[in-house]
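To start, the structure itself, in structure tokens.
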2 protein chains.
Amino acid sequence: MKASVKSDYACRAVEALALHHPNTRPLRIEEIAHREAIPANYLVQILIELKSKGLIQSRRGKAGGYALAKTPREITVGDVLRAVQGDVLEMPLLLEARCPEEIKRAWRRIKQAAEQAADDVNFEEICAEAKSRPEMYYI
Amino acid sequence: MKASVKSDYACRAVEALALHHPNTRPLRIEEIAHREAIPANYLVQILIELKSKGLIQSRRGKAGGYALAKTPREITVGDVLRAVQGDVLEMPLLLEARCPEEIKRAWRRIKQAAEQAADDVNFEEICAEAKSRPEMYYI
DNA sequence: TAGCATCTTTGGCAAGATACTAATGATTCA
DNA sequence: TGAATCATTAGTATCTTGCCAAAGATGCTA
């Protein structure tokens, strides 16, 4: 089991929007991509997924861009992971008939532990930590 | 993050060996492959990795095969996952300089939760569950 | 209403990972 | 010696990942 770069990008993009919140001016793709060092062409697709899951909202045209659709406190890392990869920890093998039930139970325990940990971190906390290290944001 | 078929095969192979324990006759690859419905040619490679990590042992030649190198209680799901995939939850992005520290912290929390859950299940428990459902082993 | 800036959608693609197959070698035992 | 087994290595079809880029849709403004 490996964490994908995409999931990381998604969390960092949401963090950027959360740090900008509740400023009314939306952040453009290019701004987010630059701040978080994410390839803009890839970020586009990630933002679309986050939007379709109701985590962020967008506006087009001049003065367009992205903003959170909820408060940072209402968005967890688990929400972001589910938005971009379907589930915090995907286990297709839970559907396989040949996997014995007791092994499936062990897999489920791991899955639930990861899910709980992911749902336990919201972006208000993440922003608070980020702001306690302001030096990062002058580079 | 997705659980691989390989990890599942590894757990099922160790379960088969644990259920056979402490019988002195080793289990042949073909036996394990048949019992757990795992492609034999693939299982070979998995068993080699489990052996190199000291979880199982082997004997060659006639009357050869595999057996556990420890008691089922001494082997956890976490041990098996680390043996076949390096870590319970791999997070190469923890090494990336562009990922802010507060996001890394969130990733670490998820990683540790999964690790703890995996280390919390040993194969004695798994065997006990399996034996409480004996119907599976007559098919 | 023209035109531009932005988001949106779609298709493509190179590199790597996954889940195998298969051939050959090495070891043990009778 | 030879049969049975594990051990090693190479190959490979398919899928996934992490992007790029072109064309479209929409909103703002002059």
Side-chain angles (χ1 to χ4, degrees), chain A residues 1-13 17 24-34 36-53 55-69 81 84-87 90-93 96 98-99, chain B residues 1-13 17 24-34 36-53 55-69 81 84-87 90-93 96 98-99:
Chain A
M1 298 181 287
K2 185 175 354 184
S4 65
V5 172
K6 182 181 183 179
S7 301
D8 188 49
Y9 286 167
C11 288
R12 284 154 63 181
L17 293 173
T24 55
R25 180 180 72 84
L27 280 182
R28 274 174 294 124
I29 291 176
E30 286 296 343
E31 284 181 288
I32 303 172
H34 182 258
E36 299 288 341
I38 302 172
N41 280 328
Y42 193 27
L43 179 60
V44 170
Q45 301 168 26
I46 295 169
L47 292 172
I48 295 295
E49 296 187 74
L50 292 171
K51 184 190 171 187
S52 77
K53 297 305 188 306
L55 299 181
I56 66 177
Q57 56 194 185
S58 66
R59 203 190 322 168
R60 298 204 222 194
K62 210 150 193 165
Y66 291 89
L68 295 186
L81 298 186
V84 299
Q85 61 187 19
D87 212 339
E90 297 173 275
M91 296 194 166
L93 49 89
E96 301 247 337
R98 309 309 301 258
C99 181
Chain B
M1 299 180 283
K2 185 175 351 186
S4 66
V5 172
K6 182 180 182 179
S7 301
D8 187 49
Y9 287 167
C11 289
R12 283 153 65 180
L17 293 172
T24 55
R25 179 180 72 83
L27 280 183
R28 274 174 292 125
I29 290 175
E30 286 295 343
E31 285 181 288
I32 303 172
H34 182 257
E36 299 287 343
I38 301 171
N41 280 328
Y42 193 28
L43 179 58
V44 171
Q45 301 168 28
I46 294 169
L47 291 172
I48 296 293
E49 295 187 75
L50 292 172
K51 184 190 171 188
S52 78
K53 296 305 188 307
L55 299 181
I56 66 177
Q57 58 193 185
S58 66
R59 205 191 318 169
R60 297 204 223 194
K62 210 151 192 166
Y66 290 90
L68 294 187
L81 297 186
V84 300
Q85 62 186 19
D87 211 339
E90 298 173 274
M91 294 192 167
L93 49 90
E96 302 245 338
R98 309 309 301 258
C99 181

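Below, chains carry the letters A, B, ... as their sequence lines are ordered, and counting in each starts from 1.
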Measuring from atom [atom1] of [X] to atom [atom2] of [Y], what distance do you get when rounded to the nearest 0.5 angstrom?
X     : Y     : atom1 : atom2 : value
A:L43 : A:Q45 : CG    : CD    : 9.5 Å
B:L93 : A:Y9  : CG    : OH    : 10.0 Å
A:M91 : B:S4  : CE    : OG    : 10.0 Å
B:K2  : A:D87 : NZ    : CG    : 11.5 Å

Considering only heavy atoms from C-beta outward, does the side chain of [X] approach that of [Y] to under 4.5 Å?
X     : Y     : value
A:K6  : A:Q85 : no
A:M1  : B:L81 : yes
A:Y66 : A:I29 : yes

| field | A:L17 and its side-chain contact (heavy atoms from CB on, under 4.5 Å) partner, picked from A:I56, A:L50, A:L55 | value | A:I56
| task | Taking only heavy atoms on the protein side, list every residue of residues 24-32 of chain B lying under 4.0 Å from any atom of DNA chain C, sorted numerically. | result | none
| Please give, in whole Å, the distance from D:dA7 C1' to B:L43 CG? | 13 Å
| request: Would you mind building the protein contact string for nucleotides 15-30 of chain D? One character per nucleotide, 5' to 3', B for base within reach (heavy atoms under 4.0 Å), S for sugar-phosphate only, - for untouched. | output: ---BBBB--BBBBS--
| query | Between B:R12 and A:E96, is there a side-chain N and carboxylate O pair less than 4.0 Å apart? | reply | no
| Presence of salt bridge, B:R25 and B:E31, under 4.0 angstrom | yes
| message | Quick check for you: name the first and last nucleotides of DNA chain C, 5' to 3', having an atom under 4.0 Å from a heavy atom of chain A. | response | C:dA5 to C:dG11
